[in-house]
Amino acid sequence: QVQLVESGGGAVQAGGSLRLSCAASGRTFSNYNVAWFRQAPGKEREFVARRWTGGTTYYADSVKGRFTISRDNAKNTVYLQMNSLKPEDTAVYYCAASIRLVSTVARGYDYWGQGTQVTVSS
């Protein structure tokens with residue numbers, strides 16, 4: 001089992017930045033591929049970014065060039081640096097993990113955090 005806890009969400013004005021953290025506990029977290037998803041009110045959960053254990057990253061087109069996913073295996077933590085935030089980035093952000101090479105499909109991830117709210121005002 002892997003437990004994930006997100007933090008770092010909050011309210012920010014458009015153009016601002018936030019860094020989300022996802023702290024993991026349980027099994028050897030460095031063996032897991034990780035991702036961030038988000039869900040806005042009334043919308044389905046959507047893929048944001050993922051990072052495989054080998055370091056390969058992939059981003060949704062909507063965040064490419066603005067968001068960066070990284071991890072610190074010594075701290076068992078995954079980060080999502082979000083710059084140039086837009087009102088359409090407002091959502092609950094979730095981190096997810098899987099031992100498998102899953103990419104953008106939410107149902108492929110086995111472990112989820114509880115989410116952290118990000119609100120971007122114009």
Side-chain angles (χ1 to χ4, degrees):
Q1 284 281 29
V2 173
Q3 292 80 41
L4 304 173
V5 179
E6 301 97 334
S7 62
V12 64
Q13 289 190 329
S17 298
L18 283 174
R19 188 178 80 158
L20 306 183
S21 299
C22 174
S25 60
R27 294 185 176 179
T28 306
F29 187 60
S30 59
N31 293 338
Y32 285 76
N33 302 294
V34 294
W36 287 93
F37 287 78
R38 65 187 182 186
Q39 188 166 17
K43 295 187 177 182
E44 293 187 353
R45 191 167 299 188
E46 67 172 357
F47 168 80
V48 175
R50 61 104 170 122
R51 185 181 181 95
W52 285 347
T53 56
T56 304
T57 58
Y58 182 74
Y59 297 90
D61 287 343
S62 59
V63 307
K64 200 173 296 182
R66 301 189 296 123
F67 291 11
T68 302
I69 184 172
S70 61
R71 69 190 299 168
D72 185 336
N73 287 331
K75 296 182 178 180
N76 279 356
T77 302
V78 180
Y79 302 99
L80 184 69
Q81 178 66 44
M82 305 186 295
N83 298 328
S84 302
L85 283 161
K86 304 175 181 179
E88 51 263 44
D89 294 319
T90 295
V92 177
Y93 283 71
Y94 299 88
C95 67
S98 174
I99 199 71
R100 297 166 291 170
L101 288 177
V102 188
S103 189
T104 64
V105 180
R107 65 177 180 270
Y109 289 84
D110 303 306
Y111 303 101
W112 292 84
Q114 84 289 349
T116 186
Q117 176 71 47
V118 172
T119 303
V120 185
S121 59
S122 57

| note | Here the gap from Glu46 atom CD to Thr104 atom OG1, rounded to the nearest 0.5 Å, amounts to 11.0 Å
| task | For Val92, enumerate each residue passing the side-chain contact (heavy atoms from CB on, under 4.5 Å) test, keeping only those at least two apart in sequence or located in another chain. | result | Tyr94, Gln117
| field | Student check: side-chain heavy atoms of Ser62 and Arg38 closer than 4.5 Å | value | yes
| remark: Between Gln81 and Ser17 the two heavy atoms that sit nearest each other are NE2-CB, 4.0 Å
| remark: Nearest heavy-atom contact between Ser21 and Thr77 is CB-CG2, 4.2 Å
| Pairs flagged by ring pair (Phe, Tyr, Trp, His ring centres under 6.0 Å) wherever residues 48-70 is involved - sequence neighbours left out | Phe47-Tyr58
| field | Shortest non-hydrogen contact between Tyr93 and Glu6, atoms and distance | value | O-OE2, 3.9 Å
| query | Donor-acceptor pair, Gln114 side chain versus Val5 backbone, under 3.5 Å? | reply | no
| What distance separates Arg19 CZ from Asn83 CG, expressed to the nearest 0.5 Å? | 11.5 Å
| Tyr32 and Arg71: which non-hydrogen atoms are nearest, and at how many Å? | O-NH1, 2.7 Å
| request: Can you sort out the partners of Ser30 under side-chain contact (heavy atoms from CB on, under 4.5 Å), two or more places apart, ordered by chain and number? | output: Thr28, Asn73
| Of Ile69, Asn33, Val78, the residue whose pairing with Arg51 passes side chain to side chain contact (heavy atoms under 4.5 Å, CB included) | Ile69
| said: Using modelled atom types and a 3.5 Å cut-off, is there a donor and acceptor pairing between side-chain atoms of Arg50 and backbone atoms of Thr56? | reply: yes
| Residues which pass salt bridge (charged side-chain N to carboxylate O under 4.0 Å, His left out) with Asp72, listed by chain and number, not counting sequence neighbours | none
| task | Locate the shortest heavy-atom distance separating Pro87 from Ser121; write the atom from each residue and the value. | result | CG-C, 4.5 Å
| Does any non-hydrogen side-chain atom of Phe29 lie less than 4.5 Å from one of Val34? | yes
| field | Non-neighbouring partners of Glu88 that pass side-chain contact (heavy atoms from CB on, under 4.5 Å), sequence neighbours left out | value | Lys86
| Going only through I, L, V, M, F, W and Y residues with side-chain contacts under 4.5 Å, is there a path from Tyr79 to Val48? | no
| message | To the closest 0.5 Å, what do you measure between OG1 (Thr53) and CG (Leu101)? | response | 6.5 Å
| request: Please report the closest heavy-atom contact between Leu20 and Thr116, naming both atoms and the distance. | output: CD2-CG2, 4.0 Å
| task | Determine whether Met82 and Asp89 make a side-chain contact, defined as any pair of heavy atoms from C-beta on separated by less than 4.5 Å. | result | no
| field | Crowding at NZ, Lys43 (>12 non-hydrogen neighbours, <6.0 Å) | value | no
| query | Val102: what forms a side-chain contact (heavy atoms from CB on, under 4.5 Å) with it, not counting sequence neighbours? | reply | Ser98, Arg100, Tyr109
